Amino acid sequence: MRYDFSAIEKKWQARWCAENTFATGTAQDKPKYYVLDMFPYPSGSGLHVGHLEGYTATDIVARYKRSRGCNVLHPMGWDAFGLPAEQFAIRTGTHPRFTTENNVASFRETLKSMGFSYDWSREVNTTDPGYFKWTQWIFLKLYEMGLAYMSEIDVNWCEELKVVLANEEVDEKLADGYTVVRKPLRQWVLRITAYAERLIEDLDGLDWPENVKQMQRNWIGRSEGVEIDFELPCHRTHLKVYTTRPDTLFGATYLVISPEHPLAEKLAIAQQLTAVRSYIEKAKLKTELERTGLQKEKSGVFTGSYAVNPANGETLPVWISDFVLTSYGTGAIMSVPAHDSRDWEFAKKFDLPIREVVRSPHDVQEAVFEGKESVSVNSSNDEVSIDGLEFKTAFDRMASWLESKGKGKRKVNYRLRDWVFSRQRYWGEPIPIRHYDDGTMRPETALPLTLPEVEAYHPTSTGESPLANIGEWLFGTDEHGGFRRETNTMPQWAGSCWYYLRFIDPSNDGQLVEPSKERYWMNVDLYIGGAEHAVLHLLYSRFWHKVLYDLGVVSTKEPFQRLFNQGMILGEDNEKMSKSRGNVIPADQVLDAYGADAVRLYEMFLGPLEQVKPWNTNGIEGISRFLGKVWRLVWEENGTSPRITSDRSGHAILKRMHKAIRKVTEDTEQLKFNTAISEMMVLVNELHKAGCYSREAVETVLTLLSPYAPHITEELWENLGNGPSISGALWPVFDPALASDDVVTIAVQVNGKLRGTFEAPVQCPKEQLIEEAKKVESVVKFLEGQAIVKEIAVPGKLVNFAVKPL
RNA sequence: GCCGAAGUGGCGGAACUGGUAGACGCCCGGGACUUAAAAUCCCGUGUUCAGCAAUGGACGUGCGGGUUCGAUUCCCGCCUUCGGCACCA
């Protein structure tokens with residue numbers, strides 16, 4: 001019998017499919033385990049070996065958990081709305097639905113030929129009306145809760161093409177020589193900021209990589225500060241600024257507001273009006289990129305107006321500059337150039353005064369000092385003094401004083417912005433809102449609201465989506481009067497925000513998910529995907545989940561209990577795989593050449609799952625050889641009958657086996673698949689060396705290997721007369737007594753250098769170890785003529801002599 | 001600039017809690033089997049010095065210090081690479 005991977009893999013994939021081997025159990029009588037992949041966008045270029053890494057990892061876990069007696073939910077689906085299919089439609093007129101269907105079919109086939117044990121009866125597709133009905137349903141809940149609102153938001157507008165660009169398209173178009181400007185458009189926005197605090201707090205209970213949690217915390221960017229009012233005597237109003245350094249208020253020497261600040265033009269005095277207007281105009285033309293560009297020289301214009309510092313009554317000039325963000329805090333800042341590098345730069349450029357109010361190790365005229373570990377100076381008035389106080393105390397005293405005078409208020413701010421939720425595109429979930437002639441809005445009455453067929457997929461020249469051209473879809477009348485439907489669609493993030501819930505109850509037409517099923521299956525026990533989703537997808541999902549929690553739709557505060565990011569697989573040239581570099585290793589190509597089991601094992605053997613690592617096609621040869629050796633545990637080289645023996649394994653082999661069971665079990669639990677595979681290789685090599693082909697040993701190897709290489713192990717399992725599927729076999733359990741050593745090798749060191757070894761029982765006491773160590777031949781000469789200063793013995797490990805010449 | 005991760009043979013990587021550095025695999029070299037090849041199996045493989053050889057010595061985990069009987073592992077100071085953020089006041 002030869003190992004014909006191609007025939008074997010086809011055979012078992014067909015059988016798993018025919019026998020529904022991996023259908024999720026519906027009885028809630030066993031412990032459950034929900035293991036989920038980040039579902040893919042089915043692109044036209046197909047899957048490459050990098051995509052398969054995470055899927056292989058979850059599949060190993062799914063199969064392992066099943067053999068440990070768990071009821072496992074391991075589903076797959078498609079995040080199929082999105083730009084590429086739409087761009088293809090614009091170019092060729094092919095409906096995105098067809099493109100999507102084709103790509104999904106190709107993806108599904110590749111995944112099946114990898115032997116992944118998905119429950120395909122639960123497949124979901126975000127573009128399926130039965131699915132996006134519930135995406136729209138969630139949107140309407142957000143709307144009812146006041147968490148979805150409309151607002152004028154700047155979009156990336158391409159003048160020549162008359163289209164709104166997604167952020168990721170901007171660079172590309174600029175490179176092609178198009179101009180992109182910011183243009184305000186009325187859009188849907190989700191109030192994710194209302195959940196900022198909970199999104200930070202609940203991170204603590206999650207079993208996620210620390211760096212991902214940190215990235216989310218930074219993204220949300222919570223800060224504690226004070227909003228301070230500066231009187232504008234000539235305008236009978238005041239300017240509100242936000243600062244996290246109220247302790248530096250006495251050092252404020254000017255104020256700056258953003259060009260979009262409502263007072264920007266009003267504060268301009270007659271002589272400055274032209275300059276101010278032209279500055280505001282120029283700012284408008286700059287793109288986001290140009291404004292936030294890094295080493296950009298500061299620019300600004302003086303309004304001519306002055307404000308009063310509430311701490312010391314000084315009058316401070318009010319400037320306008322685009323380095324102040326409109327959308328953060330109040331869009332206005334107090335500048336303390338001595339202790340803030342941006343203010344310092346600005347002050348130097350426009351020759352504004354710099355005043356030290358935190359004791360600095362150097363002259364603040366020469367360089368800024370931003371340290372918080374120093375004490376305040378020059379900071380007192382008739383009512384309050386913070387001189388000599390450290391940051392925290394100074395902050396509190398100033399904040400309290402300002403609050404008592406009604407000049408300020410403590411305020412928590414977040415960097416996180418509300419989520420712009422609409423796209424001017426065709427291929428997305430329609431936003432189910434009607435705009436009535438009287439200016440009111442109402443939800444669509446029937447969901448799903450499906451996409452109409454269109455002739456052309458181009459956006460309209462006003463920046464609206466192609467839906468705005470479809471009169472019969474667009475307009476209608478009901479008891480509230482005539483209406484026009486919303487023409488914006490949802491962003492690609494929408495469908496992926498809640499798909500993990502739909503897998504639990506994929507064809508329920510009456511509910512998003514049936515509550516008892518939801519309670520049984522949630523949370524997701526293990527979620528594996530790329531680090532590129534560390535912030536946005538995972539934050540948006542968590543936000544929606546919390547909303548659903550508040551609605552009582554879900555029973556858990558968080559969706560994903562344990563998260564794991566697989567590292568990217570690079571091309572053989574150590575570069576990121578990309579079509580343009582020509583270093584992509586297509587999945588189908590290696591599958592044809594080496595088979596699914598070899599690809600699965602090799603991807604896991606490459607290195608730690610979380611690590612970025614290059615692909616090397618040579619390396620897969622070693623895995624093929626290993627599979628050959630596994631095959632020959634059962635079949636002679638050219639034999640026709642199994643070489644299996646019915647005798648018991650010898651004691652040494654038995655011990656070796658139990659050690660391997662322990663190691664493979666522990667490593668699989670911890671997703672350390674590379675070392676688990678290494679251990680199995682060692683075990684198989686030793687069985688061959690010992691000529692041990694006992695049924696017990698071989699079947700143990702097959703069971704340990706089966707989550708990793710399911711096809712070959714199924715075949716050999718069957719060859720050995722077992723049935724019906726190795727996936728039903730229970731995971732072997734190790735005997736701690738057998739898995740531990742009786743006799744170990746003790747290292748003997750002299751002054752920390754290895755000079756010899758000897759064998760000793762594990763329990764051998766220290767004194768005896770030292771005596772034995774002194775007798776080791778290779779050690780003796782290093783002790784001769786030396787005085788032993790210290791003798792260290794670590795039972796089970798080593799003996800070390802610290803010596804000095806006599 | 002700030003936050004985070006990581007630097008180990010020719011290559012991917014291994015090493016529990018401070019205890020024999022380089023498991024496992026690739027590549028490479030030598031050999032067995034074969035008419036030959038494929039497949040398979042065996043041996044060698046960090047650097048360097050001494051020796052005909054068996055063998056033995058020194059060095060070696062990014063760099064420089066430190067703690068320790070003993071450091072890839074802990075501490076201090078650097079360098080480099082990768083990922084994220086990028087005027088958030």
Side-chain angles (χ1 to χ4, degrees), chain A residues 2 209-219 221-223 225 241-245 248 256 291-296 298 321-325 327-336 339-343 345-346 370 413-417 531-532 534-535 565 567-568 570 574 601-602 605-608 610-626 628-629 632 637-638 663 666 672 674-682 685 688-689 745-757 778 781 788-794 796-803:
Chain A
R2 297 269 303 166
E210 221 22 73
N211 65 318
V212 175
K213 291 200 209 178
Q214 200 51 45
M215 276 163 73
Q216 293 219 343
R217 287 193 195 101
N218 292 344
W219 190 264
R222 183 183 197 278
S223 76
V241 309
Y242 175 74
T243 178
T244 55
R245 296 295 303 270
T248 61
V256 190
R291 280 185 62 161
T292 57
L294 190 54
Q295 306 92 337
K296 192 180 58 91
K298 294 258 183 300
S321 173
D322 64 4
F323 87 85
V324 174
L325 302 175
S327 49
Y328 183 78
T330 60
I333 62 162
M334 67 177 207
S335 274
V336 185
H339 307 294
D340 181 288
S341 57
R342 297 152 302 183
D343 297 346
E345 255 180 70
F346 195 84
E370 296 184 294
N413 254 331
Y414 303 92
R415 290 183 44 168
L416 183 69
R417 306 297 152 82
E532 67 273 21
V535 178
N565 293 127
M568 208 186 333
L570 306 174
N574 241 303
L601 277 171
Y602 184 56
F605 186 64
L606 222 43
E610 68 276 17
Q611 198 166 298
V612 176
K613 46 211 175 282
W615 178 267
N616 173 7
T617 300
N618 274 337
I620 202 166
E621 295 290 347
I623 293 292
S624 291
R625 271 175 220 152
F626 168 64
K629 288 179 197 175
R632 288 191 303 279
E637 181 63 24
N638 289 306
K663 176 79 173 148
E666 288 172 357
K672 291 162 80 173
N674 55 330
T675 48
I677 293 167
S678 161
E679 181 71 7
M680 291 190 274
M681 287 174 167
V682 175
N685 285 343
H688 276 295
K689 250 178 209 165
T745 307
I746 303 293
V748 186
Q749 300 180 337
V750 178
N751 283 343
K753 286 183 180 165
L754 183 70
R755 298 305 182 184
T757 59
S778 57
K781 63 180 178 190
I788 298 179
V789 186
K790 196 167 179 180
E791 296 170 337
I792 297 107
V794 183
K797 297 273 186 201
L798 58 59
V799 175
N800 188 12
F801 297 109
V803 301

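Atom set for the values below is all heavy atoms of this structure, side chains included, hydrogens, waters and symmetry mates excluded. Lettering of chains follows the sequences in order, A, B, ..., and the numbering in each one begins at 1. This structure is a prediction, so every number in the text was calculated from the model and none was measured.
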Could you measure between the two [atom1] atoms, the one in [N] and the one in [M], and give it in whole Å?
N: B:G19; M: B:C74; atom1: C1'; answer: 14 Å
N: B:G12; M: B:A86; atom1: P; answer: 32 Å
N: B:C76; M: B:G22; atom1: C1'; answer: 28 Å
N: B:A14; M: B:A32; atom1: P; answer: 37 Å

Going by salt bridge (charged side-chain N to carboxylate O under 4.0 Å, His left out), name the residues that satisfy it together with [X], two or more places apart in sequence or in a different chain.
X: A:E621; answer: none
X: A:K672; answer: none
X: A:R417; answer: none

| task | Starting at the 5' end of nucleotides 8-16 of chain B, put B wherever the base has a protein heavy atom under 4.0 Å, S where only the sugar-phosphate does, and a dash everywhere else. | result | ----BSS-B
| request: Whole angstrom is fine here: how far is it from CD1 in A:I792 over to P in B:C69? | output: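 Value for this atom pair: 7 Å.
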| task | Provide, to the nearest angstrom, the distance between the CG atom belonging to A:N800 and the P atom belonging to B:U68. | result |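 After rounding, the reported distance stands at 15 Å.
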| message | Measuring to OP1 and OP2 of B:C69, would you say a side-chain N or O of A:R755 lies under 4.0 angstrom away? | response | no
| With respect to the phosphate group of B:C41, does any side-chain polar atom (N or O) of A:R632 fall under 4.0 Å of OP1 or OP2? |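 Checking B:C41 against A:R632, a side-chain N or O does come within under 4.0 Å of OP1 or OP2.
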| query | How would you label the glycosidic angle of B:G9: syn (within 90° of 0) or anti? | reply |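 For B:G9, whose glycosidic angle is within 90° of 0, the conformation is syn.
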Could you work out which one of [options] sits closest to the side chain of [X]?
X: A:R625; options: B:C69, B:C27, B:C42; value: B:C27
X: A:N618; options: B:C42, B:C27, B:C87; value: B:C27
X: A:S678; options: B:U20, B:A58, B:A23; value: B:A23

| field | A:K298 to A:F346, cation-pi by 6.0 Å centre distance and 45° axis angle | value | no
Give me, pair by pair, the N or O atoms of the protein and of nucleotides 59-62 of chain B that are less than 3.5 Å apart, along with how far apart they are.
from, atom 1, to, atom 2, distance (Å)
B:C59, OP2, A:K753, NZ, 3.1

So what does [X] hit on the nucleic acid, given a heavy-atom distance under 4.0 Å: a base, only sugar-phosphate, or nothing?
X: A:K213; result: nothing
X: A:R222; result: nothing
X: A:S223; result: sugar-phosphate

| task | Dot-bracket for RNA chain B, please, read 5' to 3', with Watson-Crick or G-U wobble pairs under 3.5 Å on both distances, ( ) within the strand, [ ] crossing, | other strand, . unpaired. | result | (((((((..(((......[....))).(((((.......))))).(((((....)))))..(((((..]....))))))))))))....
